[in-house]
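Reading through the C-alpha cells given below for one structure.
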Protein chains: 2
Amino acid sequence: MAVTIVHVAAKAGVSPSTVSRVISNDSRISQKTSRKVRKVMEELGYHPNTLAKSLVTKTTNNIGIVLPRPADELFQNQFFSEIIRGIVTKAASCGYDVLMTTGASPMEEVKAVERLVQGRNVDGIVLLSSHKDDTNISFLREKKFPFVLVGRSEDYSDITSVDNDNIAAAYSITRHLIQLGHRRIGFVSGPMELTVSKDRFDGYTKALLEAGIAIQDHYVFEGTFTPESAAHIADQLVKLEDRPTAVITIDDVLAFGIIRSLWNNGLRVPEDCSVVGFNNTSLAEMCLPQISTVDIGTYQMGQSTVQALIQHIKGDGFEQARIIIAHQLIWRDSVRPPEQS
Amino acid sequence: MAVTIVHVAAKAGVSPSTVSRVISNDSRISQKTSRKVRKVMEELGYHPNTLAKSLVTKTTNNIGIVLPRPADELFQNQFFSEIIRGIVTKAASCGYDVLMTTGASPMEEVKAVERLVQGRNVDGIVLLSSHKDDTNISFLREKKFPFVLVGRSEDYSDITSVDNDNIAAAYSITRHLIQLGHRRIGFVSGPMELTVSKDRFDGYTKALLEAGIAIQDHYVFEGTFTPESAAHIADQLVKLEDRPTAVITIDDVLAFGIIRSLWNNGLRVPEDCSVVGFNNTSLAEMCLPQISTVDIGTYQMGQSTVQALIQHIKGDGFEQARIIIAHQLIWRDSVRPPEQS
DNA sequence: ACCTGTTATGCAAAGGTTTGCACAAATATT
DNA sequence: AATATTTGTGCAAACCTTTGCATAACAGGT
C-alpha cells in the first residue's frame with residue numbers, strides 16, 4: 001500500500017541501499033544519483049517508515065516521560081506545563097519526540113516504564129516524579145538505561161539530575177530580608193516530608209543563624225497548598241504578640257493566601273508585614289500587591305533535562321552530574337523594610 | 001543481546017509462533033503450553049519488542065499530539081495541563097501512550113505531523129491547536145488518517161471534534177444574571193478573532209435579546225488576558241454613568257483583574273457590581289471574593305477526545321461527530337442581585 | 001595495455017514480530 | 001474400525017530499513 005524504499009529504488013533505477021544512503025547523506029553517493037533519487041522520493045511522496053528504521057538501528061529518537069499522578073506534588077499546574085513545554089521544545093529542536101505515559105497506581109507506573117524501556121520504545125527517560133527508594137530509579141540504573149531525574153538531586157549521588165538549589169534560593173531571600181532590617185522573619189512551608197520544604201527551610205535557617213538570629217519555633221509553620229491552610233496560618237500569625245515583620249512562604253499560593261487572610265485581619269502587606277512567595281507563578285504578578293517571589297527557571301529545567309538526557313543517550317564523554325538551574329529573585333511590592341519600632 | 005521471542009520459544013521447546021500466540025491469548029493454545037511458556041517468559045525476563053510488533057501489525061498503540069506553540073491561546077496553563085492530564089490518563093487506561101511533538105514554526109509543525117503520520121509512528125492524532133484553514137487538518141483528512149479536533153467544532157462539519165458549548169454556557173450565565181434582576185450587564189471578551197470570544201458573546205447576546213434587553217455597545221469590551229488590559233477596561237467601566245450592575249468576563253484572569261481594578265476605584269464586588277469569570281481556574285476559588293465562574297470540563301474533554309479518537313482508530317461503526325462537553329456553572333461570592341435603584 | 005587506487009553502487013543478512021496456511025494429534029461420529 | 005471433526009502447533013513469508021562487505025566502474029600513472 002504505502003510507498004516504501006524499494007518503490008523509490010525501482011523507479012529511480014537504483015538499489016534500496018542507495019536510496020537509504022541518499023537519505024542519510026552518505027558521502028559516497030554521487031551528486032547525480034542523489035539528485036535523481038530525491039526527485040523520485042518527492043514524486044512518490046515517500047516517507048521513511050520510522051518503525052523499520054528503529055528496528056534495525058535500535059534507536060527511536062523518542063524520549064519517555066512518566067506523567068506524575070494527579071495527587072503528586074509535581075502536578076502543580078504552573079510547574080507541570082512549564083517543564084513539559086521546556087522538555088518538548090528542546091527535544092523537538094534536537095530531533096526527538098516525547099512519549100508520555102502514566103500509571104494509575106505506582107505499580108502500573110513501574111509496568112509502564114518497563115514496557116517503554118524493554119519494548120525499545122524510547123532511547124531515554126525523564127523521571128518527573130520520584131519517591132524515595134523509587135523502583136523506577138533502581139530499575140533504570142540496573143538496566144544502565146539513560147535517564148535523568150528532575151528534582152530530588154541529593155538523594156542520589158551517582159545519577160544525573162536536574163534541580164534548582166532551593167537551599168540557596170531560600171538563603172538569598174532570607175539574607176535580603178535581613179539586610180532590609182528584618183529580624184523577626186516567619187517561614188511557611190509545605191508538608192515537611194517534601195524535599196523542597198525541607199531544603200527551603202534549611203536555607204532560611206542558614207541565613208538566620210549566619211546573621212546571629214535564633215530560630216524561633218513559633219515563627220515556623222507547616223501548611224498545605226490550600227487557601228484554608230493559609231488562612232489558618234495567618235490567624236496564628238496575627239495572634240502573636242511578637243509578630244514577624246516578614247514572612248517567607250514556600251509557594252505563591254501560600255503567599256497569596258496569607259496576604260489575603262492578613263488583610264482580613266486588618267493587617268496590610270507590605271506595610272504591616274512583608275511577604276515573599278516562591279515559584280513566580282502568574283498569580284504572583286497578578287494580585288495586589290504584586291508578590292515578591294523566586295523564579296526557579298522551570299522552563300529551563302525542562303530544556304536542561306533534555307540536553308543532559310540526550311548527551312547521556314549519545315554517550316560521548318558523558319558524565320553523571322547534578323545540574324543546578326539558577327534561580328532568580330524577583331522583588332515586587334509585597335516587601336519593604338520593617339517599620340521602625 | 002536482549003532476550004527475544006525465539007529464546008523463549010527455544011527454552012520452552014515450542015515455536016516462536018506459539019509464544020506469540022500465548023502472548024496474545026490466542027484461544028487455540030492449550031492451558032498446558034500457555035503455562036509453560038509464561039513461566040519461561042518470566043524466567044528470562046522477556047518483554048516483546050514493540051517496534052517489531054508494530055512493524056508487522058501496522059499499529060503502534062500511540063496517539064500523537066502536537067503541542068501548541070507558546071504564543072498560542074491554548075497554552076493557558078490551566079487548560080493545557082488539565083487537558084493533557086485527561087488525554088494521557090484516558091489513553092493509558094486504554095493501553096495507549098501519547099507521543100508529543102512540536103514545531104517551532106507553523107511549517108515545522110506540519111512537517112512534524114507528516115513525520116508522525118507517514119512514519120507510522122502513531123495510530124491517530126489529537127489536534128490541540130488549530131487555525132482556520134489548518135494545513136494539518138486538510139492533510140489528515142486527505143490521508144483519511146484518524147484524528148480528533150479539540151475546539152473550533154463549528155468550522156468543520158465532517159470531522160470529529162470535541163468542544164464545549166460556549167454559546168450555551170454564556171447564555172446560561174447571562175440568563176441567570178437577568179433572573180437575579182440585572183438589566184445592565186457588561187461583557188468583557190478576549191480578542192474577537194478567537195472563536196471562544198465570539199461564541200461566548202453570542203450566548204450573551206442571545207440571552208439579552210430573549211429577555212427584551214437591547215445590546216449596548218458601550219457595555220461590550222474587547223480585552224487581552226493581561227492584568228493591564230483588565231485595569232484599562234475597569235477604568236472605562238467606572239467612568240460610565242449608567243454603569244453595569246454585572247459584568248461577564250471571558251476568563252477568570254480577566255474577572256480577577258476587573259475585580260481588583262474596580263476595587264482600586266472604590267467599587268466593591270459584589271456589592272457595587274457582580275462579576276463572573278470563565279474556566280474555573282484555581283484563581284477563581286482562591287481570591288476574595290471567590291469568583292463565580294464556569295467549569296468547562298477540560299479534564300473530561302481530554303478523556304472524551306481520546307475515547308473518540310480510539311473509536312475512530314478501531315473503526316467499528318464509528319461516525320464523525322461533534323462531541324459537546326457539558327459545562328457547569330459555579331456560583332460563588334462575586335455575584336448577587338443588583339441594588340434596588 | 002596493465003596495475004593501483006578511488007569512488008560509487010549493489011547484495012544479502014539482520015532486526016523481532018505476527019499470521020495464513022498446512023499439518024499432526026486427539027477426539028468425536030457413525 | 002474407519003472416517004470426520006476439532007484442537008494445538010509449526011513453517012515460512014512478510015513488515016521496511018540499515019549496513020558490512022563485495023564488486024564494478026573509472027581515472028591516473030607507468
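So you know, we letter chains A, B, ... as the sequences are listed, proteins then strands, and number each from 1.
We find that CD of A/Gln31 is positioned 13 Å from C1' of C/dA8, with the value rounded to whole Å. Rounded to whole Å, atom P of D/dT18 lies 11 Å from atom CG of A/Asp26. Separating the CD1 atom of B/Ile5 from the C1' atom of C/dG15 is a distance of 14 Å, rounded to the nearest angstrom. Atom NE2 of A/His7 and atom P of D/dA14 are 13 Å apart (whole Å). Summarising the geometry, the separation between CG on B/Asn61 and P on C/dT17 is reported as 16 Å, rounded to the nearest angstrom. Remark: C1' of C/dG16 and NZ of B/Lys58 are 15 Å apart, rounded to the nearest angstrom.
Residues forming a side chain to side chain contact (heavy atoms under 4.5 Å, CB included) with A/Asn25 (at least two apart in sequence, or on another chain): A/Arg38. A search for side chain to side chain donor-acceptor pair (under 3.5 Å) contacts involving A/Asn61 returns nothing, not counting sequence neighbours. Looking at residues two or more places apart in sequence or on another chain, you find no salt bridge (charged side-chain N to carboxylate O under 4.0 Å, His left out) involving A/Lys36. Annotation: side chain to side chain donor-acceptor pair (under 3.5 Å) contacts of B/Thr298 (sequence neighbours excluded): none. Checked against side chain to side chain donor-acceptor pair (under 3.5 Å), B/Lys90 has no partners two or more places apart in sequence or in another chain. The side chain to side chain donor-acceptor pair (under 3.5 Å) test applied to B/Thr57 returns no partner, not counting sequence neighbours. Scored by the salt bridge (charged side-chain N to carboxylate O under 4.0 Å, His left out) test, B/Arg35 finds no partners at all (sequence neighbours excluded). With sequence neighbours excluded, the residues that form a salt bridge (charged side-chain N to carboxylate O under 4.0 Å, His left out) with A/Glu43 are A/Lys11, A/Lys39.
Checking the phosphate oxygens (OP1, OP2) of C/dG10, a side-chain nitrogen or oxygen of A/Ser15 falls inside 4.0 Å. Remark: B/Thr33 is not in phosphate contact with D/dG8, judged by side-chain N or O atoms under 4.0 Å from OP1 or OP2.
A heavy-atom distance below 4.0 Å to DNA chain D is reached by these residues of residues 40-57 of chain B, ordered by number: B/Leu55, B/Val56.
An end-to-end axis angle of 50° holds for the helix from C/dA1-D/dT30 to C/dT30-D/dA1, taken from five base pairs per end and rounded to 10°.
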Contacts under 3.5 angstrom, residues 114-121 of chain A side chains, donor-acceptor by atom type, not counting sequence neighbours:
residue: A/Glu114; atom: OE1; partner: B/His47; partner atom: NE2; Å: 3.0
residue: A/Arg115; atom: NH1; partner: B/Asp97; partner atom: OD2; Å: 2.9
residue: A/Arg120; atom: NH1; partner: A/Gln118; partner atom: O; Å: 2.3
residue: A/Asn121; atom: ND2; partner: B/Thr50; partner atom: OG1; Å: 3.4

What string of B, S and - do you get for nucleotides 20-26 of chain C, 5' to 3', if B is base contact, S is sugar-phosphate-only contact and - is no contact with any protein heavy atom under 4.0 Å? B------
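Between B/Ile313 and B/Tyr96, some side-chain heavy-atom pair lies under the 4.5 Å cut-off.
Note on A/Ser20: a base of the nucleic acid sits closer than 4.0 angstrom, heavy atoms only.
Counting only N and O atoms by type, the side chains of B/Ser20 and B/Ser17 include no donor and acceptor under 3.5 Å apart.
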